[in-house]
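A, B, ... follow the sequence lines: proteins, then strands. Residue 1 opens every chain. Note that the structure is a prediction, hence the values are computed from the model and not measured.
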There are 2 protein chains.
Amino acid sequence: MEYKDRVEAALGKGTMRRRSDRPQAIISAAIRLVGEHGFATTRLEDVAEAAGVSKAAIYLYFESKEDLFFALVREGALPTVADTNAAVARHEGSLSDLLQEIILGIGHLMAHTELGTIVKIVAAEARNFPELVTYHRDEVVARAMGTISSVIEKGIASGEFRPCDARAQAALCIFPVLMNGIWMNSIGPDPSIVDPDALLKAHAETFIRGIAA
Amino acid sequence: MEYKDRVEAALGKGTMRRRSDRPQAIISAAIRLVGEHGFATTRLEDVAEAAGVSKAAIYLYFESKEDLFFALVREGALPTVADTNAAVARHEGSLSDLLQEIILGIGHLMAHTELGTIVKIVAAEARNFPELVTYHRDEVVARAMGTISSVIEKGIASGEFRPCDARAQAALCIFPVLMNGIWMNSIGPDPSIVDPDALLKAHAETFIRGIAA
DNA sequence: CGCAGGTGACTGACCAGTCAGTAACATGTA
DNA sequence: TACATGTTACTGACTGGTCAGTCACCTGCG
């Protein structure tokens, strides 16, 4: 792609940043539509319309439908991981409080923002795009699990938590949060079955009791 | 469909059952392929090949791709719900043991059988097939949650569990199990991140500690 | 002018669904 | 037994609609 190459030469390789906010508008529209319908069923023409451009314009910013898809998954999750790491780094106080903060914080993003949509998309499309799995496993999941399990290990060492498999417990800490996000993006908000926010609170309490010394 | 009408007249309306096991072979192949690639991306020709028939033969047993899809989701989950209800009904002993039995039992099916695939499929395709959501919410989820929350309520009443929101706890009991199933069917078995069986054991222990009185 | 930043109309591939045909087996009948 | 007639279960080849990706052309601005 000539245009892309020229811009990359001017602004640096890697994440393309344009002066216009077109790419971001396209990605946002794509996250919403792909989250609803899946990758294959989402028509580029609909993405274009939702972003207020023509289909051909998408090809000014992305090489292909697949390329847009990767961009969407990449941009959708990284900020959250970074934010969580930062929150852990600056936290002071009991580790139980920190865990609760993590659960409610990530949980809220999962249930009510694009992040839950991304998780659903990755789960749904994983087998079709193996690179996606590798990327997410290494860049998102491994990091998040590492952060949480280090918190749990610290708590075990300090006697705040009972001795247990910190990695397994880290997974158990985020699995309900992830499932809640998937639920909200599939079955949808349906308080008659589960109220997402009440569930997160209950999870924090039960989980922390469950690993308490 | 003349032939279909005649068979339905003879064997009853609804789920068509033939003497041959073709429909089941087609459904099994479809569960595997749709679980891997999603509904839209799965080619009926590939399902046919995997089932050892021609594409046209599928139309002898199912009205359309969508019809096959519904059959697959319906047949895939119901037996498990029934089995779980039966296990609960015949259980004697502590409710903690019963919960552990439920977690490990359903958990094993989720992680290692078609059931996990079905859950993944429903989550992924929910927005495209609203009838699917209604069906699953009412026939599968509501029942399973009802069963589990009745166990928890009984435990609260008997003093075995602490007072808490039984419905939310029921959701927390199965969410990690569901997520584990989705994980195994997307990111795949990867013990370096989570060992599915160890996770289930850890979940049973932590969850039961978490709601213990 | 020259060019960044578009667009609308087109095309080729792909695939659900159809249809005419067929092989294997059952049934009648002499 | 032999041969016609009918039925069941299935197939290969086709079609029509859909959509990712392309391309010739436009347009406002420095």
Side-chain angles (χ1 to χ4, degrees), chain A residues 1-12 16-27 29-30 33-34 36-73 121 125 128-129, chain B residues 1-11 15-30 33-34 36-72 121 125 128-129:
Chain A
M1 292 285 117
E2 289 176 30
Y3 175 64
K4 191 192 160 191
D5 289 345
R6 266 173 287 142
V7 173
E8 280 192 348
L11 301 176
M16 271 200 328
R17 288 250 158 241
R18 310 302 168 109
R19 275 155 299 173
S20 86
D21 55 359
R22 285 268 191 270
Q24 195 50 55
I26 294 170
I27 286 180
L33 290 170
V34 173
E36 274 173 35
H37 304 117
F39 174 72
T41 319
T42 299
R43 296 169 20 167
L44 240 27
E45 219 150 2
D46 293 339
V47 173
E49 196 188 334
V53 294
S54 72
K55 187 177 66 164
I58 293 177
Y59 287 86
L60 297 173
Y61 303 104
F62 304 95
E63 302 231 334
S64 62
K65 193 185 183 186
E66 208 174 303
D67 185 40
L68 165 60
F69 184 59
F70 286 144
L72 155 183
V73 170
I121 292 173
E125 306 290 347
N128 290 330
F129 301 98
Chain B
M1 298 262 135
E2 289 176 31
Y3 173 65
K4 191 192 159 192
D5 289 344
R6 263 174 291 142
V7 172
E8 280 192 348
L11 300 175
T15 318
M16 270 202 327
R17 285 244 162 247
R18 310 299 169 116
R19 275 154 299 172
S20 83
D21 55 359
R22 285 268 189 269
Q24 196 50 55
I26 293 170
I27 286 180
S28 293
L33 289 171
V34 173
E36 274 173 33
H37 304 117
F39 174 73
T41 319
T42 299
R43 296 171 18 168
L44 240 28
E45 218 150 2
D46 292 339
V47 173
E49 196 187 334
V53 294
S54 71
K55 187 177 64 162
I58 292 177
Y59 287 86
L60 298 174
Y61 302 104
F62 303 96
E63 301 233 332
S64 62
K65 193 185 184 187
E66 210 175 298
D67 185 41
L68 166 59
F69 183 59
F70 287 145
L72 155 184
I121 291 172
E125 306 291 346
N128 289 330
F129 300 98

Query - Nearest-angstrom distance from the residue atom CG of A:Leu60 to P of C:dG8 - result: 13 Å
Nucleotide N/O of nucleotides 14-18 of chain D paired with protein N/O under 3.5 Å:
none

Query - Criterion side chain to side chain contact (heavy atoms under 4.5 Å, CB included) on A:Tyr61 and A:Ile26, from CA distance to verdict - result: CA-CA 9 Å; A:Tyr61 303 104; A:Ile26 294 170; 3.9 Å; yes
Do you know which two heavy atoms are closest between [X] and [Y], and how far apart they sit?
X       : Y       : value
B:Lys55 : B:Glu45 : CD-N, 4.0 Å
B:Phe62 : B:Asp67 : CA-OD2, 3.5 Å
A:Lys65 : A:Tyr59 : N-OH, 4.4 Å
B:Ala25 : B:Ala51 : O-CB, 3.8 Å

Query - Options D:dC10, C:dG17, D:dG21, nucleotide nearest the side-chain atoms of B:Tyr59 - result: C:dG17
Report summary line: Which of D:dT11, D:dG21, C:dG5 is nearest the side chain of A:Leu44? It is D:dG21
Report summary line: Each nucleotide of nucleotides 23-30 of chain D classed B (base within 4.0 Å of a protein heavy atom), S (only sugar-phosphate) or -, in 5' to 3' order, makes B-------
Query raised in the report: Among all residues two or more places apart in sequence or in another chain, which pass the side chain to side chain contact (heavy atoms under 4.5 Å, CB included) test with B:Thr42?
Result: B:Leu33, B:Val34, B:His37, B:Val47
Query raised in the report: Between B:Asp21 and B:Gln24, is a side chain to side chain donor-acceptor pair (under 3.5 Å) present by the stated rule, with each step listed?
Result: CA-CA 5 Å; B:Asp21 55 359; B:Gln24 196 50 55; over 6 Å; no
Query raised in the report: What is the nucleic acid contact for B:Thr42, judged by heavy atoms within less than 4.0 Å: base, sugar-phosphate only, or nothing?
Result: sugar-phosphate
